[in-house]
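Contents: one structure, followed by commentary.
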Amino acid sequence: MSAVLDRDRTLTRAREAAAAVVDPELPMLTLADLGVLRDVTVDDDGAVVAAITPTYSGCPAMAAMRDDLVRELRAAGFADARVRVVLEPAWTTDWITPAGRAALAAAGISPPGPAPQRSGPVLLRLAPVRRAVRCPRCGSDDVTVGSEFGSTACKALYRCRACLEPFEHVKEI
Amino acid sequence: MPDVRTHEPDDHDNAYAGLLVNDTHWAFGTDFEDPLAGVDTTVPDGVDPATLAAYCLMLGDDALVLSQRLAEWCSNAPDLEEDIALSNIALDLLGQARLLLARAAAADGSQVPALPDGSPVPDEDRLAFFRDAPQFRNVRLVEVPGGDFAQTVVRILLFSSWRLALLDRLTRSRDGVLAAVAAKAVKELTYHRDFAGRWFLTLARGTDESRRRLVAGLDALWPLWSELFETHDVERAAARSGIGVDPADVAADVEAVLDQVLAASGVDRPAVAPLAAVQGDGAAQPAHGRKGRDGGHTEALGALLAEMQVVARAHPGGQW
């Protein structure tokens with residue numbers, strides 16, 4: 001019985017340590033808030049395996065996330081910590097938690113809307129994407145997209161026409 | 001929420017002072033681990049590992065070479081937004097290439113160039129940096145020099161329209177790794193195709209000069225278009241064993257998307273003949289000559305690879 005309890009406590013501790021690691025490019029978000037951390041398991045020998053799903057195929061932050069996870073788990077007392085990549089199902093912005101969305105907005109980054117759903121072929125969009133985006137600074141919805149590609153793979157560039165400030169939006173995928 | 005600061009609030013005089021404050025969230029000395037760590041790379045039953053590897057190399061080389069061409073725009077684009085957009089697209093393609101080359105190596109290691117004992121260079125880097133042009137299996141559309149911004153837009157439109165249709169079907173591959181890589185890539189390619197489609201329309205309906213350049217770019221790349229839909233023996237075998245897609249099968253869907261863009265832009269399909277295959281260069285070759293999928297390339301690929309590979313080849317034991 002106590003072995004089971006010990007094991008539960010160990011697992012909780014490993015999960016807490018992994019869940020607290022922050023995204024290297026969006027440091028207001030933990031990997032758990034971002035939805036990148038999919039699972040944490042502890043085997044009988046105390047080895048921890050954290051499963052993560054890449055956001056974008058070429059996201060350079062993934063290597064940093066793996067190193068950070070291993071370092072934080074070791075710092076929490078898990079000498080044998082490993083990271084496993086899970087490719088399926090593919091990451092979607094729908095996995096960003098409500099707390100993560102609030103943290104993004106508080107940092108001046110517009111959080112994503114619902115990810116696009118489709119049945120059948122992917123439709124070409126020749127008109128600019130219409131999103132219900134509000135300026136994270138002044139709250140105006142009078143905003144214009146400058147580019148669908150921003151400073152990181154996951155963000156689009158916007159400008160607010162009311163307060164004239166530029167801002168970034170985490171684009172839906 | 002974690003406490004993260006990147007500068008001391010009162011320190012306005014020194015631009016560098018804040019760089020190392022509360023820096024525990026930065027990963028120093030990051031190494032590049034296996035991008036497929038922990039992924040099940042077992043080759044599905046009844047599938048020839050060499051065919052799977054050769055097929056992954058084709059799709060991976062397409063992405064790698066176009067990524068390198070697009071990266072040439074970094075700091076050279078017409079404005080900052082497009083500079084960032086082209087770099088983003090290049091980065092997405094590089095990520096797809098890395099996963100596909102790693103999958104090729106995991107399926108059949110015999111394709112991976114040998115390096116001196118103890119070299120830490122991972123398999124996907126060996127494939128990218130230590131193969132010569134005749135060993136590359138990319139279509140020739142991705143390797144020819146970039147031209148101006150209009151021609152770059154045309155190339156991204158042609159390539160992403162074709163690759164999106166192809167990889168959308170590849171999400172049903174019997175190979176779980178290929179299916180997962182494709183599912184991720186489809187989301188990325190959707191943004192690439194929209195970007196190129198909008199710029200195509202904008203340039204076609206812009207000034208006489210922008211339209212002239214766009215049409216010239218389309219004429220320049222059109223000879224390489226039909227090659228994308230020619231079925232290579234490897235693609236035929238991959239499709240037959242349920243891991244790959246025959247590119248001829250997506251032609252109708254892709255042409256329909258292209259027609260949509262051309263009609264909205266008021267641009268006609270060019271009347272330009274396809275680029276001939278490479279003939280009589282001494283290599284063992286099929287009767288029709290060699291094209292990109294056979295390792296028959298334009299001379300531009302050699303120069304591109306020389307630039308891309310020179311540092312890695314100078315340090316075959318290098319740790320990056």
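Just so we're on the same page: letters track the sequence lines, and every chain starts at 1.
When all heavy atoms of Glu148(A) and Tyr191(B) are compared, the pair lying nearest together is OE1-CE2, 3.4 Å. In this structure, Val122(A) and Arg193(B) approach most closely via the heavy-atom pair O-NH2, 2.9 Å. Shortest non-hydrogen contact noted between Lys187(B) and Trp91(A) is NZ-O, 3.0 Å. Residues Val39(B) and Val85(A) come closest through the heavy atom pair CG2-O, 3.2 Å. Across every non-hydrogen atom of Arg198(B) and Val129(A), the tightest pair is NH2-CG2, 3.4 Å. Of all non-hydrogen atoms in Arg118(A) and Val186(B), the two that sit nearest each other are NH2-CG1, 3.6 Å.
In terms of heavy-atom pairs under 4.5 Å with chain A, the best-connected choice from Gly95(B), Ala97(B), Gly197(B), Ser161(B) is Gly95(B). Contacts with chain B were tallied for Pro54(A), Ala127(A), Pro121(A), Ser151(A); Ala127(A) has the most, counting heavy-atom pairs under 4.5 Å. In terms of non-hydrogen atom pairs under 4.5 Å with chain B, the most contact-rich of Cys59(A), Gly58(A), Ser57(A) is Ser57(A).
In this structure, the portion of Pro128(A) lying under 4.5 Å from any heavy atom of chain B is its backbone and not its side chain. Of the two parts of Thr55(A), only the backbone, made up of N, CA, C and O, holds a non-hydrogen atom closer than 4.5 Å to a non-hydrogen atom of chain B. If you measure heavy-atom distances from Asp168(B) to chain A, the contacts under 4.5 Å come from the side chain alone. The contact between Ile173(A) and chain B is made by backbone and side chain atoms together, counting heavy-atom distances below 4.5 Å. Proximity to chain B is limited to the backbone of Thr152(A), based on heavy atoms less than 4.5 angstrom apart. If you measure heavy-atom distances from Gln96(B) to chain A, the contacts under 4.5 Å come from both the backbone and the side chain.
Annotation: ring pair (Phe, Tyr, Trp, His ring centres under 6.0 Å) contacts involving residues 112-152 of chain A, sequence neighbours excluded, comprise Phe149(A)-Phe195(B).
For the atom pair CG (Leu36(B)) and CZ (Arg84(A)), the distance works out to 13.0 Å, reported to the nearest 0.5 Å. Rounded to the nearest 0.5 angstrom, Leu124(A) CG and Thr190(B) OG1 are separated by 10.0 Å.
For residues 63-91 of chain B, the interface with chain A (any heavy-atom pair closer than 4.5 Å) comprises Glu81(B), Ile84(B), Ala85(B), Asn88(B), Ile89(B), Leu91(B), sorted by residue number.
Residue Arg211(B) places its CZ atom among more than 12 non-hydrogen atoms of other residues, nucleotides or ligands, all under 6.0 Å distant.
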